*Asks:* 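Below: one structure in structure tokens.
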Number of protein chains: 2
Amino acid sequence: MALRSISEIRRLELKQAAFEVMQTEGVQGTTLEKVAQHAGAAKGIVLHYFKSKKQLFEHAMRHANSLLRDEVAARLRRAGSPSERLWAIIEGNFAPAFYCPPVCHAWLSLCAEVPRDRQLERIQHVIHRRMRSNLRSALAGLAPADEIDAIALGITTLIDGLWLRAGLQSGGFGQREALAQMNDYVRHRLGEEAMTGRSAELRALLADGKAVGGG
Amino acid sequence: MALRSISEIRRLELKQAAFEVMQTEGVQGTTLEKVAQHAGAAKGIVLHYFKSKKQLFEHAMRHANSLLRDEVAARLRRAGSPSERLWAIIEGNFAPAFYCPPVCHAWLSLCAEVPRDRQLERIQHVIHRRMRSNLRSALAGLAPADEIDAIALGITTLIDGLWLRAGLQSGGFGQREALAQMNDYVRHRLGEEAMTGRSAELRALLADGKAVGGG
DNA sequence: CAGTTTATTGACCAACTGGTCAATTCTTGA
DNA sequence: TCAAGAATTGACCAGTTGGTCAATAAACTG
């Protein structure tokens, strides 16, 4: 997608910068000054493109999530079978560009603001709804209808939990351990036939069959 | 445990007040003024008992967690079999006094500060270490040795994820749904023999065998 | 009771922050 | 070229916050 005006370029730069500052400073420590500086501009410019700090953060959250959404969508497009779709979702959520301590921390920090910002709450709600919808569609061919909701919830909860731990930045798990845990869950909850959709990279990464230990 | 001096009483009051303010305002919005007011005192008194705001928050986190720790410990004392110990841990983490949106939100908010406060990080580390140790000891009699770590990690991750969702305060799950999800995991990962340790209350709450849907 | 320690208060300060605004520079198109 | 509009800047403001401090009240002690 091409960026039409300078205005749109600047807006993109600024929300990107905001999210990057959040990765090290948290929402708490992300000031307009720091965002502007990180984008190589003066502070005033930020409020020229965004009505308020709150709105900047909301756009930053939306933008950051749209990258993850696109990552998953691209993998889903390449997936054929239900089990491939399932693993497209899971592997997309643990792609190195997203599942890393700084990004998880920024996301965690934004989550902590959700109860006090109705707009953030809406965004979060959309994210969860899309995740559930994706999972339901993939699971439809893999599990009895009356178990799909429980399994979808189990998977999203595990993903959330692993992201949370990664966001703590200590005692977190690397991509390998995280995917091994997802592996463990899916194998035991859905059975061997749900494992055929894993990518070759994932199989290689996990060196199949090994257990996953705690950190 | 009796509180010896007035000083200790005040300190307890203040960290309790701090945690309660966090439940509605988040770490970000918890100011010394608000904490003092919530404790019915003047702002100056807070810094008379705690060296700094950071230190107050650290003590508040420790205190809040010690309540949860005691809850689990009390249930563990009443537990006999490994499966009873397992469910003591799980049910303790979803006791109504702890697993509720305000408390989960305060905890979530504190987690978001972990990467920028080495002391909070240490506390978080101790919490996770205790959880893993408790789970390992309970699981030792329920699963093959080489699967224990994976299962312990799965359980803590699910608990973290469910707390996170509850902390978002919207789209969160009630105690019943959360425990149903833990039920689902343990039954499929450990088998029916691991289900005997559930309390009568939990069995009644779940009306056994029903699936858990997404919210 | 006198004196010493401890608890408590509220005024005060310096730093920071989000937001406003007038002035200036840059772009653009007729 | 030149005027109109957009982009950009930095000074400025008002409110808030963590933290300090001197003064006062209360509690304790010998």
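Here the structure is a predicted model, which is why all the values come from computation and not from measurement. Just so it is clear: chains get the letters A, B, ... in the order the sequence lines come, proteins before strands, and each one is counted from 1.
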*Asks:* Before you tell me yes or no, could you show the steps for Arg85(B) and Asn134(B) under side-chain hydrogen bond (donor to acceptor under 3.5 Å, both in side chains), namely the whole-Å CA-CA distance, both residues' side-chain angles and the distance that decides it to 0.1 Å?
*Replies:* CA-CA 8 Å; Arg85(B) 293 219 302 282; Asn134(B) 280 342; over 6 Å; no
*Asks:* At how many degrees, to 10°, do the end axes of the helix from dC1(C)-dG30(D) to dA30(C)-dT1(D) meet when each uses five pairs?
*Replies:*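 For the helix from dC1(C)-dG30(D) to dA30(C)-dT1(D), the axes at opposite ends meet at about 10°.
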*Asks:* In residues 61-68 of chain B, what donor-acceptor pairs under 3.5 Å come from side-chain atoms, sequence neighbours left out?
*Replies:*
unit_1   : atom_1 : unit_2    : atom_2 : d
His63(B) : NE2    : Gln16(B)  : OE1    : 2.7
Asn65(B) : OD1    : Arg130(B) : NH2    : 2.6
Ser66(B) : OG     : His63(B)  : O      : 2.7

*Asks:* In whole Å, I'd like the distance from the CG atom of Leu47(A) to the P atom of dC13(D).
*Replies:*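 Interatomic distance, CG of Leu47(A) to P of dC13(D): 18 Å.
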*Asks:* Starting at atom CD of Gln28(A), determine the distance to atom C1' of dG18(C), rounded to an integer number of angstrom.
*Replies:*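 Result: 15 Å.
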*Asks:* Within 45° of the six-membered ring axis of Phe173(B) and under 6.0 Å from that ring's centre, is NZ or CZ of Arg165(B) located there?
*Replies:*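 Judged by the rule (NZ or CZ under 6.0 Å from the ring centre, within 45° of its axis), Arg165(B) is not positioned above Phe173(B).
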*Asks:* Asp117(B) vs Phe57(B), test: side chain to side chain contact (heavy atoms under 4.5 Å, CB included). Steps then yes/no.
*Replies:* CA-CA 10 Å; Asp117(B) 184 328; Phe57(B) 285 4; 6.0 Å; no
*Asks:* Thinking salt bridges, do Asp149(B) and Arg136(B) make one under a 4.0 Å N-O criterion?
*Replies:*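 Arg136(B) and Asp149(B): salt-bridged.
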*Asks:* What is the nucleic acid contact for Leu32(A), judged by heavy atoms within less than 4.0 Å: base, sugar-phosphate only, or nothing?
*Replies:*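 Touches sugar-phosphate only.
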*Asks:* Any Lys/Arg nitrogen of Arg118(B) or Glu121(B) sitting under 4.0 Å from an Asp/Glu carboxylate oxygen of the other?
*Replies:*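 Not counted as a salt bridge, because no side-chain N and carboxylate O are separated by less than 4.0 Å.
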*Asks:* Using a heavy-atom distance cut-off of less than 4.0 Å, which residues of residues 50-58 of chain A contact DNA chain C?
*Replies:*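 Result for residues 50-58 of chain A: Ser52(A), Lys53(A), sorted by number.
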*Asks:* In whole angstrom, what separates Glu33(A)'s CD from dG18(C)'s P?
*Replies:*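 After rounding, the gap between these two atoms is 9 Å.
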*Asks:* Restricting both atoms to N or O, compile the protein contacts to nucleotides 7-11 of chain D shorter than 3.5 Å, with distance only.
*Replies:*
unit_1 : atom_1 : unit_2   : atom_2 : d
dT8(D) : OP1    : Arg10(A) : NE     : 3.1
dT8(D) : OP1    : Arg10(A) : NH2    : 3.0
dT8(D) : OP2    : Arg10(A) : NE     : 3.2
dT8(D) : OP2    : Tyr49(A) : OH     : 2.9
dT9(D) : OP2    : Ala42(A) : N      : 3.0

*Asks:* Using a 4.5 Å cut-off on heavy atoms from C-beta on, say whether the side chain of Leu56(A) contacts that of Leu47(A).
*Replies:*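 They are not in side-chain contact.
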*Asks:* Tell me: CZ of Arg11(B) to C1' of dT6(C), nearest whole Å?
*Replies:*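 The distance from CZ of Arg11(B) to C1' of dT6(C) comes to 15 Å, rounded to the nearest Å.
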*Asks:* Between Tyr185(A) and Arg189(B), is there a cation-pi geometry (under 6.0 Å to ring centre, at most 45° from the normal)?
*Replies:*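 No, cation not above the ring by the 6.0 Å, 45° rule.
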*Asks:* Taking side-chain contact (heavy atoms from CB on, under 4.5 Å) as the test, write out the residues that go with Ser52(A), two or more places apart.
*Replies:*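 For Ser52(A) the side-chain contact (heavy atoms from CB on, under 4.5 Å) partners, ignoring immediate neighbours, are Lys54(A), Gln55(A).
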*Asks:* Between His128(A) and Asp160(A), does a side chain to side chain contact (heavy atoms under 4.5 Å, CB included) hold up when you go through it step by step?
*Replies:* CA-CA 10 Å; His128(A) 274 137; Asp160(A) 282 354; 3.3 Å; yes
*Asks:* Please list all pairs passing the side chain to side chain donor-acceptor pair (under 3.5 Å) test where one or both residues lie in residues 86-105 of chain B, with sequence neighbours left out.
*Replies:*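 As it turns out, the side chain to side chain donor-acceptor pair (under 3.5 Å) pairs with a partner in residues 86-105 of chain B, which skip direct neighbours, are Arg116(A)-His105(B), Glu91(B)-Ser199(B).
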